[in-house]
Amino acid sequence: MNQEIRKRNARKRSDDDDDDDDEMDRNVGAAAMMMNDANASSDVPPPKKATATCTPSWIKYSTVVLHACAAIVIMLGFVLRIRLHSGVECEMTYSMRHFVHLPNAAPHSIYRLLKFTDARDIRQQHLLPKDHTRNLEWSTTSSQDWCTAPTNETTTIVVYVPGHWGSFSQARSLGAHGLQWTRARDRVGRIQDDISMLKSGERHGMSRDLRKFVYDVYAIDFCEQGGALHANFLYMQSAYVAQVVMTLVTKCGNPTIILVGHSMGGLVARSVPLLHPETRLHVHNLVTLATPHDGLPFGFDESIRTFYNLLEEKKQEHPLTIISISGGLRDEMMPPEVCHLENNKSISLLASDITADPDKAGLGMDHRAIVWCHHVLTKVRAILHVMAIEKDALERQRRFETILSATDYLHAVKTQRVSFLKQYGFWQSLAMESAMLYRGELLLGIYAITAGIYHTFPTIPVWFVPALVSIMAWHWSGVDNMSVVAILSLAANSVHLLLSIVLFRILARHSTQQKAASIYVAIFAILFVLIQLVVFAGGYVRHHSSLLHLSLSSTMFATTVLFLPMTLLMTAFQPSNTTFLALFLPVWPFLIVGKLFMIVWDAVSPFDSVFPDLLHFLCVVCLPVYLRTMFYSRTTTALDTKRPWRTLYLLSIVVFGPGMVQLGGGYVVTQFLASVAWIDVLVATLERYKRSRRQNGLYLTRENGGSGSVSHHMH
């Protein structure tokens with residue numbers, strides 16, 4: 001009985017399977033007929049059957065494991081950097097600081113000039129407010145004698161120039177070393193002796209005794225402006241520093257002026273005598289802390305490279321004595337190589353080489369600690385003393401060699417890397433070096449090359465791309481450690497694969513939902529109106545000189561930021577659009593961030609070159625991307641066949657690839673993106689032309705054949 005029931009159920013399942021197979025065959029046949037009809041109507045030959053290439057399973061598993069290991073190494077590097085930047089490598093500098101804002105020093109500017117004062121300094125008592133407390137960081141004075149001290153001694157003035165998003169309050173440690181009151185609890189008797197010597201004029205700014213040498217610190221407030229985002233900020237800051245220098249010369253009786261710059265502030269200070277000739281009689285010496293003289297690791301805007309080139313062209317017009325001090329391997333923002341200066345009058349040093357305790361600071365200090373590190377600023381004080389009292393260049397150079405014990409800088413950097421490897425081991429040092437923030441530009445360039453290869457060869461094996469990109473990037477970038485390049489290549493490949501999957505699903509869904517276009521247009525309109533309201537409100541509050549100019553700039557920027565990404569997401573569902581979007585979307589924020597901040601600050605202080613800069617960006621980058629969107633937004637056929645044109649894509653990678661991975665070449669990604677968009681436009685145009693020729697030829701053939709058959713029938 002049970003056997004008969006089992007046989008009956010088996011026959012029923014067999015009949016159901018046969019019915020399902022018949023239904024599947026009917027559906028496949030209907031889909032094939034629809035595809036043939038579509039190909040016949042568009043006169044496009046049916047696609048050839050793809051030959052399956054089987055990748056061994058061990059290669060697939062190895063690829064997944066390598067990508068996972070790269071992600072783990074980078075995440076581990078961010079965690080281990082907490083140990084690297086522990087802060088024990090430096091002793092803190094303490095001060096009873098108070099900054100006095102000098103509104104009459106440089107009027108009609110959004111920037112400010114402040115003077116560092118110590119509450120115990122008898123010379124500056126008249127500048128402090130009556131209700132002064134230690135919690136009050138700064139105040140404004142209406143006094144006109146803020147420069148000349150009561151004893152009328154000769155002064156040495158140090159102007160502190162902050163860097164990218166830097167603050168004037170960073171000058172408090174430098175100011176404390178000007179008086180040598182730098183400890184949490186300085187001896188009362190020593191402080192009283194110093195005050196007596198200040199009253200009598202025994203301690204002054206030109207004393208040849210380092211113990212009695214005093215300098216005054218003036219700090220510039222750039223409102224924490226991001227100077228590394230766009231060169232317009234650097235030009236504005238340079239012009240203001242030049243104005244401050246001339247004001248100090250007028251008010252203080254031609255004192256000795258030395259500029260001290262941190263990070264991008266050192267670059268601004270270096271540009272002052274080169275771009276403003278009126279300051280060349282007064283600015284001859286410069287001390288920079290963690291300043292990228294040899295190239296900015298975050299130079300995503302082309303104007304930054306133009307600024308560097310301008311300084312390089314003008315450096316022979318006014319040779320400067322520059323002491324460049326690098327934070328070393330602990331500096332997460334600036335690698336030590338970029339702080340090197342090749343100049344007979346300049347000296348490059350590692351901070352670890354001038355500290356009193358090299359065991360603690362053997363790897364240097366982080367980017368912010370260098371402005372308050374007691375050991376470093378003690379040596380900076382000695383450097384400022386030599387710059388102030390020694391007017392003879394040869395004698396000054398001899399004194400520098402005596403107090404600094406300068407060695408070969410690049411050799412010292414290599415020695416520090418060897419110590420770093422011995423101290424932390426291979427894997428920990430590799431993880432921390434790969435996770436440094438200054439590797440972001442290299443990672444972006446590697447990602448652009450990776451996306452360009454996938455755009456050229458959509459069917460290239462996934463395991464082959466990281467190996468190829470690693471070799472190319474290591475050869476082009478000049479990075480000594482190939483393991484770091486390999487880790488970043490695997491990370492870039494992982495990001496590209498994940499983003500491609502997401503975009504594939506978005507475009508596939510968009511192809512079935514026609515309402516998405518109206519939603520994108522509505523979002524664009526709302527955001528565009530909000531940007532206009534914000535910009536006009538800022539311009540009205542700040543009394544902008546030309547609201548029409550501001551409106552044009554904000555309109556162009558809103559179109560750039562919002563319209564292009566949305567129109568690209570509305571393109572048709574095809575592999576070419578997926579690979580191009582995977583290239584476009586990750587690099588787009590880095591390309592426009594400088595323009596964004598420039599527009600925001602334009603509402604506060606109008607630039608002279610906002611409109612031309614945005615117009616150039618629209619014509620060079622946005623125009624080809626928009627044209628590509630027009631060509632690829634209406635069709636899903638035959639535009640993915642790029643085999644005859646792959647040489648152009650490869651040529652673009654070879655031409656722009658070296659610049660994208662080299663130091664300070666982040667802006668080259670913009671040119672590479674534009675070149676790929678132009679090649680896509682060319683390919684689409686030629687493919688459409690070939691298709692129209694093919695269709696016209698087929699139409700004429702059909703007409704000739706049809707007329708021939710009609711005439712034969714009439715006969």
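Every value quoted in this text rests on a predicted model; they were computed, and no experiment measured them.
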Kindly indicate, with the supporting measurements, whether the criterion side-chain contact (heavy atoms from CB on, under 4.5 Å) is fulfilled by Val214 and Arg123.
CA-CA 12 Å; Val214 178; Arg123 304 172 305 158; 3.8 Å; yes

> Are the charged groups of Arg398 and Glu395 less than 4.0 angstrom apart, N to O?
Replying inline: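 A salt bridge links Arg398 with Glu395.
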
- Can a salt bridge be assigned to the pair Glu91 and Arg183 using a cut-off of 4.0 Å between side-chain N and carboxylate O?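 The answer is yes: the pair qualifies as a salt bridge.
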
So, the side chain of [X] versus the backbone of [Y]: is there a donor-acceptor pair under 3.5 Å, distance only?
| X | Y | result |
| --- | --- | --- |
| Arg381 | Leu210 | yes |
| Ser200 | Ser196 | yes |
| Thr155 | Pro255 | no |

Ring geometry between His318 and His284 (parallel below 30°, tilted from 30 to 60°, perpendicular above 60°):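 If you compare the ring of His284 with that of His318, the planes turn out tilted.
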
Task: side-chain contact (heavy atoms from CB on, under 4.5 Å) assessment of Met333 paired with His164 - done: CA-CA 11 Å; Met333 302 295 293; His164 179 86; over 6 Å; no

Can a donor-acceptor pair be found between the side chains of Ser352 and Gln416 at a distance below 3.5 Å?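 Yes, because at least one side-chain N or O of Ser352 sits under 3.5 Å from a partner of the opposite role on Gln416.
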
Just jot down the salt bridge (charged side-chain N to carboxylate O under 4.0 Å, His left out) partners of [X], sequence neighbours excluded, or say none.
| X | result |
| --- | --- |
| Arg399 | Glu390 |
| Lys345 | none |
| Arg172 | none |
| Glu342 | none |

With heavy-atom distances below 4.5 Å as the criterion, would you say the side chains of Leu275 and Tyr235 are in contact?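 In contact.
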
Quiz item: According to the salt bridge (Lys or Arg N to Asp or Glu O under 4.0 Å) rule, which pairs have a member within residues 273-301, sequence neighbours left out?
Solution: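 As it turns out, the salt bridge (Lys or Arg N to Asp or Glu O under 4.0 Å) pairs with a partner in residues 273-301, which skip direct neighbours, are Arg280-Glu317, Asp301-Lys595.
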
By the salt bridge (Lys or Arg N to Asp or Glu O under 4.0 Å) test, which pairs, at least two apart or in different chains, include something from residues 217-242?
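The answer is Arg112-Asp221.
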
Practice item. Check the pair Tyr240, Met236 against side-chain contact (heavy atoms from CB on, under 4.5 Å), reporting the backbone distance first and the verdict last. Key: CA-CA 6 Å; Tyr240 182 77; Met236 286 183 60; over 6 Å; no

Could you report the tightest heavy-atom contact between [X] and [Y], atom names first, then the distance?
| X | Y | result |
| --- | --- | --- |
| Val272 | Thr279 | O-OG1, 3.4 Å |
| Gly295 | Leu663 | O-CD2, 4.0 Å |
| Phe99 | Ala219 | CE2-CB, 4.1 Å |

Query raised in the report: Among Phe233, Tyr160, Phe168, Tyr111, whose ring pair (Phe, Tyr, Trp, His ring centres under 6.0 Å) with Phe222 holds?
Result: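 Only match with Phe222 under ring pair (Phe, Tyr, Trp, His ring centres under 6.0 Å): Tyr111.
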
List for me each residue that meets side-chain contact (heavy atoms from CB on, under 4.5 Å) alongside [X], sequence neighbours excluded, and say none if there are none.
| X | value |
| --- | --- |
| Arg190 | Gln180, Trp181, Asp186, Arg187, Asp194, Arg211 |
| Leu281 | none |
| Tyr94 | Met92, Ala184 |
| Thr156 | Met206, Phe213, Tyr215, Thr256, Ile258, Ala388 |

**Q.** Spatial distance of atom CG (Leu363) from atom CZ (Arg330) [nearest 0.5 Å]
**A.**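 It is 4.5 Å, given to the nearest 0.5 Å.
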
Spacing of OG belonging to Ser324 relative to CG belonging to Leu350, to within rounding of 0.5 Å
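Rounded to the nearest 0.5 Å, the OG-CG separation comes to 9.5 Å.
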
Requested in this report: Not counting sequence neighbours, which residues clear side-chain hydrogen bond (donor to acceptor under 3.5 Å, both in side chains) with Thr306? List them please.
Outcome: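 Checked Thr306 against side-chain hydrogen bond (donor to acceptor under 3.5 Å, both in side chains); zero matches.
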
Donor-acceptor contacts, no H, no angles, side chain residues 261-271, under 3.5 Å, sequence neighbours left out:
from	atom 1	to	atom 2	distance (Å)
His262	NE2	His367	O	2.9
Ser263	OG	His367	NE2	3.1
Arg270	NH1	His293	ND1	3.3
Ser271	OG	Ser238	OG	3.0
Ser271	OG	Val268	O	2.6

